[in-house]
Amino acid sequence: MSVVVPSSLLPASAAPVFRGRIGRDVSSGHYAVPHRYRLHVDPSDPRCLSIALTHSLLGLDDTLPLTVLPGTPDTPDGGYTVLRPLYEASAHLYAGPAAAPVLSDGWTGRIVSTHVPDILRDLALRFRGDGPDLLPEEHRDAVDAVADLCERSVNRAAQRAGELGLDGEAAHRDPLTVLFTALGSLERRLAHRPYVLGDAPTAADVHVWGTLVQLDTVHRWHLDAAAMDRVAGHPALWAYAQRLAARPEFARHLDIDAVLRRHRAHCRGREAAGAGIRLVDWTAAAPR
């Protein structure tokens with residue numbers, strides 16, 4: 001059964017989070033059945049991109065259909081008209097945005113989950129089939145640690161460092177220190193191995209690669225040239241990003257134009273000198 005966080009318990013701007021899970025068998029209610037579920041994603045959103053990457057790596061096209069939504073939502077609240085029936089069927093008198101991502105149940109016409117970590121975990125553990133083991137038991141703690149590093153120490157630190165109003169060197173110093181420490185940690189991991197946790201791709205690579213896409217296509221617009229020069233000073237990390245970008249599973253849903261349109265639609269900051277520095281040729285890797 002899906003659990004919905006009531007709107008009254010959330011900030012006015014937040015959408016309720018549906019937290020249904022895919023169980024092991026029929027007794028769980030939601031269990032892995034081919035063609036029962038559908039994913040609805042907008043890959044220009046980094047959260048959705050991680051889901052699309054996982055779906056591609058697991059080769060789930062014939063088992064779990066994927067609907068790719070336009071990069072620009074079509075309702076004023078940032079939602080999608082096409083998702084509105086699912087939200088309204090899943091929460092009584094639903095009035096929030098019908099936002100992506102969504103894992104929906106075709107048998108009930110309702111939402112199973114909109115919670116990205118749960119969706120990623122259930123894809124890897126319940127829908128894997130003959131695909132790679134993206135969450136090997138011995139690496140699950142490490143995957144969680146890498147995901148936290150990417151979100152807190154790269155994404156949030158880069159965002160903070162580039163925010164409007166951080167004009168002085170001292171103001172930039174702390175978030176940039178966090179950022180460069182995190183990139184250095186990833187650089188050391190990738191200096192002598194093809195993937196973040198060893199010789200095979202795992203969910204850690206989904207997190208890291210998606211984070212590098214954001215750093216080189218979004219965050220660079222608000223970092224100065226000196227900061228971007230230091231970001232570039234991690235050759236193993238960026239060679240890894242370019243190598244994975246050439247793999248169809250990674251390139252398939254990467255639309256740089258859509259990522260930039262999304263950024264411009266939400267961004268209120270100013271362009272910095274680092275905007276002209278590009279570290280990976282993402283557009284050459286992504287299919288058209």
Side-chain angles (χ1 to χ4, degrees), residues 1-6 15-71 73-75 79-94 96-137 140 143 147 201-203 205-207 210 248-250 252-254:
M1 176 181 295
S2 294
V3 177
V4 182
V5 180
V17 177
F18 295 81
R19 293 289 301 270
R21 299 300 302 271
I22 305 298
R24 292 180 180 274
D25 53 43
V26 67
S27 65
S28 64
H30 290 122
Y31 56 100
V33 178
H35 311 296
R36 175 177 176 177
Y37 305 97
R38 179 176 290 272
L39 284 165
H40 311 258
V41 299
D42 162 19
S44 70
D45 178 333
R47 303 170 309 147
C48 288
L49 180 60
S50 67
I51 292 172
L53 290 176
T54 300
H55 183 273
S56 290
L57 284 166
L58 293 172
L60 297 179
D61 285 339
D62 295 332
T63 302
L64 178 57
L66 184 77
T67 294
V68 177
L69 300 165
D74 60 359
T75 63
Y80 290 90
T81 302
V82 70
L83 297 180
R84 174 63 53 182
L86 287 170
Y87 274 86
E88 292 181 346
S90 305
H92 182 58
L93 298 178
Y94 180 77
V102 166
L103 174 63
S104 65
D105 181 354
W107 290 4
T108 65
R110 296 183 177 183
I111 293 171
V112 177
S113 182
T114 60
H115 190 253
V116 175
D118 288 351
I119 294 173
L120 291 173
R121 190 173 185 87
D122 287 348
L123 289 177
L125 295 180
R126 305 291 181 238
F127 291 96
R128 175 189 168 192
D130 295 327
D133 188 357
L134 298 181
L135 279 177
E137 184 69 38
R140 289 182 190 175
V143 168
T202 66
D205 297 285
V206 171
H207 294 299
E249 304 97 323
F250 285 83
R252 177 181 175 188
H253 296 296
L254 182 60

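Model, not experiment: these values are computed from the prediction.
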Approximate separation, where rounding is to 0.5 Å, of Asp62 CG and His35 NE2: 7.0 Å

Contact list for residues 45-60, test salt bridge (Lys or Arg N to Asp or Glu O under 4.0 Å), sequence neighbours left out: Asp45-Arg47, Asp45-Arg262

When you measure from the side chain of Tyr80 to the backbone N and O of Pro70, does any donor-acceptor pair fall under 3.5 Å? yes

Any pair counted as side chain to side chain donor-acceptor pair (under 3.5 Å), so long as it reaches residues 127-136, sequence neighbours left out: none

With no hydrogens and no angle check, just 3.5 Å: does a side-chain donor-acceptor pair link Arg21 and Ser113? no

Nearest 0.5 angstrom please: His207 NE2 to Ser50 OG, how far? 7.0 Å

Test your reading of the model: is there a side-chain donor-acceptor pair from Asp122 to the backbone of Ile119, 3.5 Å cut-off? no

Does Arg126 reach the main-chain N or O of Ile22 with its side chain, forming a donor-acceptor pair under 3.5 Å? yes

Is there a donor-acceptor contact under 3.5 Å from the side chain of Tyr37 to the main chain of Tyr31? yes

State whether the side chain of Asp105 and the backbone N or O of Ile111 hold a donor-acceptor pair below 3.5 Å, judged by distance alone. no

Can you tell me how far apart OG1 (Thr67) and CG (Asp42) are? Round to the nearest 0.5 Å. 12.5 Å

Roughly how far apart are Leu86 CG and Arg84 CZ, rounded to 0.5 Å? 10.5 Å

If only atom types and distance count, is the side chain of Arg140 paired as donor or acceptor with the main-chain N or O of Leu135 below 3.5 Å? yes

If the plane angle is over 60° it's perpendicular, under 30° parallel, otherwise tilted; pick one for Phe18 and Tyr87. perpendicular

Considering all heavy atoms of both residues, which atom of Pro43 and which atom of Val68 are nearest to each other, and what is their separation? CD-CG1, 3.7 Å

